[in-house]
Amino acid sequence: MDTLKDELTLLRGKVDERFNEMHAEQLQLRRDFEKLIYWVAGLTVTNLVAIIGLILKAAGVF
């Protein structure tokens, strides 16, 4: 009976360890995804500013 309890404890430990690893991976993926969103948003704003500048230049404002 003690052997089964020990094995069960060992399995629980392994499951907890794997869960913690997966949680850490999920957090890292979330951080990477947020960085990607900020890059895309930054590039979008930069492109809009450039397009507006070109339109104003073509209109003779500058």
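Residue indices begin at 1 and follow the sequence shown.
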> Which residue is it: Arg12, Lys14, Glu7? I am looking for the one with a side chain to side chain contact (heavy atoms under 4.5 Å, CB included) to Leu10.
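When Arg12, Lys14, Glu7 are each tested with Leu10, the side chain to side chain contact (heavy atoms under 4.5 Å, CB included) holds only for Lys14.
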
> Would you mind checking if Arg18 and Glu21 are paired as a salt bridge, meaning a charged N to carboxylate O distance below 4.0 Å?
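Here Glu21 pairs with Arg18 in a salt bridge, since their nearest N and O are under 4.0 Å apart.
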
> Hydrophobic clustering (ILVMFWY, side-chain heavy atoms < 4.5 Å, transitive) - are Val45 and Ile52 grouped together?
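Cluster IDs for Ile52 and Val45 differ.
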
> Kindly compute the distance separating CG (Asp32) from CG (Leu27), expressed to the nearest 0.5 Å.
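It is 11.0 Å, given to the nearest 0.5 Å.
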
> Rest of the hydrophobic cluster containing Ile55 (Ile/Leu/Val/Met/Phe/Trp/Tyr, side-chain heavy atoms under 4.5 Å)?
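Direct or chained contacts put Ile55 with Ile51.
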
> Measuring from Leu4:CG to Leu8:CG, what's the distance to the nearest 0.5 Å?
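If we round to the nearest 0.5 Å, Leu4:CG and Leu8:CG are 8.5 Å apart.
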
> Enumerate the residue pairs fulfilling side chain to side chain donor-acceptor pair (under 3.5 Å) with a member in residues 33-46, sequence neighbours excluded, ordered by first and then second residue.
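As it turns out, there is no side chain to side chain donor-acceptor pair (under 3.5 Å) pair with a partner in residues 33-46 once direct neighbours are skipped.
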
> Could you check Arg30, Met22, Gln28 and say which one makes a side chain to side chain contact (heavy atoms under 4.5 Å, CB included) with Gln26?
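Only one of Arg30, Met22, Gln28 forms a side chain to side chain contact (heavy atoms under 4.5 Å, CB included) with Gln26, namely Arg30.
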
> Roughly how far, to the nearest 0.5 Å, is CG of Leu11 from CG of Asp16?
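These two atoms lie 11.0 Å from each other.
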
